[in-house]
Amino acid sequence: MNQETTMNQNQVRVRFAPSPTGYLHLGGARTALYNWLWAKKTGGVFLLRIEDTDAERSTEDSVQEILAGMTWLGLDWDEGPFFQSRNMDKHVEAAERLLSTGHAYRCFCTKEDLDAQRKEAEAKRVAFMYDGRCRKLSEQQIRENLEKGVPYVLRFLVPRDPQSTVVFEDAVFGRVEKKGRDIEDFVILRSDGRPLYVLSNAVDDSLDGITHVIRGADGIANTPKQALIYRALGLKPPLFCHMPLTLDNKKAKLSKRKHGEVVTISYYRRHGFLPWALCNFLVLLGWSDPDGREFFSPEEMIEAFDLSRINRANSIFNYVPGDPKNWTDPKAIHFNATYIRTMPLEELLPYVREELKAEGLWKQSYAGADREWLLKTIDLIRARFHTIKDFSSRGRCYFSEEFDFDEKAVKKNLAKDPRLREYLPDIAGLMQDLSEFTADAIEGAFRTYAEQREVKAGLLINATRTAVSGTSVGPGLFEMLEAIGRDSVVQRLRNAVRLIPEA
RNA sequence: GUCCCCAUCGUCUAGCCUGGCCUAGGACACCGGCCUUUCACGCCGGCGACAGGGGUUCAAAUCCCCUUGGGGACGCCA
């Protein structure tokens, strides 16, 4: 055996295994991210497996949505996407092996009968667990049932001796133990012959050589069952790693049905999130850096990430419905805004370009002659923006003559002083005559004019700001005018006169 | 109801394993101040938590027990 093969045997292999029954949501993305990080960190393999054994609920749209979401987030996978259904025959084979080795048995109980028992137990408010009555069936009875064609499922025969416990190692929760008597004889094969998740998932993980099962803590309850399957099949179990769940601010599980689009990944894409900013936010939901850092480049995050620092307590996605300012978790917005403000301009540019194109604000020259202007302008305005969407909405006046006037701003900065009817055209003229249309030159003109007319520069500055941008907020005025450009500025100043009432 | 898990500011969390450096640190949000032509940014400051009760110990956020609260699982779903 050569060295490379030896190394491969020790190589970490992880997977993200969503079921294609819905959208990629925050919880799923976080699970995918943790797996991805662990693979990158260890030089391992990250594979994607679509668990589509529930054919009725699986949809192609959902598969595409998940793939698109992963790609957008930058969580690239090394193998797959595989479909769980590809190995269906192997799962059935495993079930049959369990039957023949006495680890499973045929159960002829009808679904209706079990449902009735379950309902009854619920009414009496006691726990329902299948009583294992079909364990006791004689060879004779089984043969008769088979001959009559009575449908049956395969159930795993859980060791029942009083002392028996099932143990598995969890990277987050440590050694987890469960008593055999607290585990019911779970179904591994449906009456139509199709395998169930608990079986398929374990068999596939083994087939795919998965070394670490990093998944949500909701999976912790059926892990003992899977540990039993590994043992009965003589397979080496992976190291489990159950990450705490992320709940809503009322501590309920996140779901699209309940919370709407705000929990889906595509929502963040559509609302101007940088994919890495979202990843950075998500990684901190249940994991922390030993040095207390919160912002990471992908390389830094991969370096810093470790399974041992995953938290045990659930975290809350702090989204309050109906708050227009905090339309998602405020900390997520903070991450996005900080990235927009501080990332290298060259890296930000493609996102802005896409946004401007989508909104019909892109000009051909931005890729050529005006490229430097564009970068400078982006840099000028980005400090106030929270999302990429802001470039086309709040930043519209830099790219188009069609922008809205904020009523309050007009009232406060333009309508309040009739003298502006005279000042603004004057300034427009000054701008027109400036030999160099630079921030310094513009400022000089403003200051001189203010002095001559014995008026506060602030009055002129604020009025001009609203005249050219429609708002009362924004970057320093002189730089702003330079960015907007002489012709537009002159035009806008003259147009604004209509907004100022006569004395 | 049964089994399992969890518990530090409003939220994300550090500290807990290996008790003392914790009058509990950081981040977001919020509130003040400075800067300033505005709004942001930045800087300075403020508000704000060890769920409760017992124990162990010279000493407990840290170890143990109980209570309470919360979550998960309990499908011929994944």
Side-chain angles (χ1 to χ4, degrees), chain A residues 17-22 51-54 56-58 84 107 109-111 114-115 118 121-122 124-129 151-155 173-174 176-179 181-184 186-192 194 196-198 200-201 216-224 242 244-245 247 249 251-253 281 284-295 311-320 325-326 329-335 337-338 341-342 381-386 409 412-413 443 446 456-462 464-466 471-478 480:
Chain A
S19 65
T21 53
E51 307 226 316
D52 60 344
T53 50
D54 186 1
E56 294 89 51
R57 293 200 302 154
S58 298
Q84 185 154 62
C107 170
C109 297
T110 65
K111 195 172 193 304
L114 290 169
D115 284 346
R118 199 172 284 120
E122 207 174 307
K124 283 198 237 163
R125 307 189 73 198
V126 294
F128 173 74
M129 200 185 278
Y152 63 88
V153 300
L154 244 41
R155 283 184 185 272
F173 292 94
V176 181
E177 254 187 73
K178 183 129 174 151
K179 294 184 189 72
R181 63 156 191 261
D182 291 327
I183 308 170
E184 86 170 345
F186 52 96
V187 177
I188 54 175
L189 209 64
R190 295 175 169 97
S191 54
D192 65 4
R194 285 155 58 217
L196 251 16
Y197 163 80
V198 71
S200 298
N201 181 255
D218 46 351
I220 209 163
N222 53 42
T223 307
H242 287 96
L245 267 14
L247 312 171
N249 62 348
K251 300 193 174 174
K253 220 172 154 177
F281 166 71
L284 260 12
L285 252 32
W287 172 84
S288 63
D289 173 61
D291 302 327
R293 285 178 301 170
E294 293 199 320
F295 282 88
N311 226 319
R312 271 172 289 273
N314 292 339
S315 55
I316 287 170
F317 173 62
N318 192 19
Y319 157 66
V320 182
K325 193 177 169 206
N326 296 319
D329 190 313
K331 194 147 182 172
I333 295 174
H334 166 250
F335 274 101
T338 302
R341 192 172 63 240
T342 60
I381 61 184
R382 64 174 172 167
R384 308 164 167 74
F385 292 170
H386 292 170
K412 183 179 159 210
N413 290 339
E443 176 161 14
F446 263 81
K456 276 190 181 168
L459 175 73
L460 272 17
I461 288 168
N462 289 333
T464 304
R465 174 185 302 289
T466 301
T471 74
S472 58
V473 301
L477 181 78
F478 311 116
M480 185 172 156

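Letters A, B, ... are given to chains in the order of the sequence lines, protein chains preceding strands, and every chain is numbered from 1.
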So does [X] get a side-chain nitrogen or oxygen closer than 4.0 Å to the phosphate oxygens (OP1/OP2) of [N]?
| X | N | answer |
| --- | --- | --- |
| A:R118 | B:G75 | yes |
| A:N326 | B:C28 | no |
| A:R293 | B:A14 | no |

Gap between atoms CZ and P, on A:F186 and B:C77 respectively (whole Å): 15 Å
Taking atom P of B:C12 as reference, at what distance in whole Å does atom OH of A:Y319 sit? 17 Å
Under 4.0 Å, counting only non-hydrogen atoms across every strand here, what does [X] touch: a base, just sugar-phosphate, or nothing?
| X | value |
| --- | --- |
| A:V153 | base |
| A:E51 | sugar-phosphate |
| A:T21 | nothing |

Counterpart base for [N], defined by Watson-Crick or G-U wobble contacts under 3.5 Å:
| N | answer |
| --- | --- |
| B:A73 | B:U2 |
| B:U57 | none |
| B:C43 | B:G33 |

State plainly whether the residues A:R293 and A:D289 are in salt-bridge range, i.e. N to O under 4.0 Å. yes
Non-neighbouring partners of A:R118 that pass salt bridge (Lys or Arg N to Asp or Glu O under 4.0 Å), sequence neighbours left out: A:D115
Separation between CZ (A:F281) and NZ (A:K331), nearest 0.5 Å, reads 8.5 Å
Here's a test of your reading of the structure: between A:A17 and A:K325, which maps to the more 5' nucleotide of RNA chain B? A:K325
Closest to the A:R190 side chain: B:A78, B:A73, B:G71? B:A78
Choose from B:A78, B:G75, B:C12 the nucleotide whose nearest atom is closest to any side-chain atom of A:F128. B:G75
Quick one, A:V473 and A:R384 - any side-chain contact, counting heavy atoms below 4.5 Å? no
Do A:E294 and A:L284 make a side-chain contact, defined as non-hydrogen atoms from C-beta onward lying under 4.5 Å apart? yes
Going 5' to 3' through nucleotides 32-44 of chain B, assign each nucleotide B (protein heavy atom under 4.0 Å from a base atom), S (under 4.0 Å only from sugar-phosphate atoms) or - (no protein heavy atom that close). -----BBBBSS--
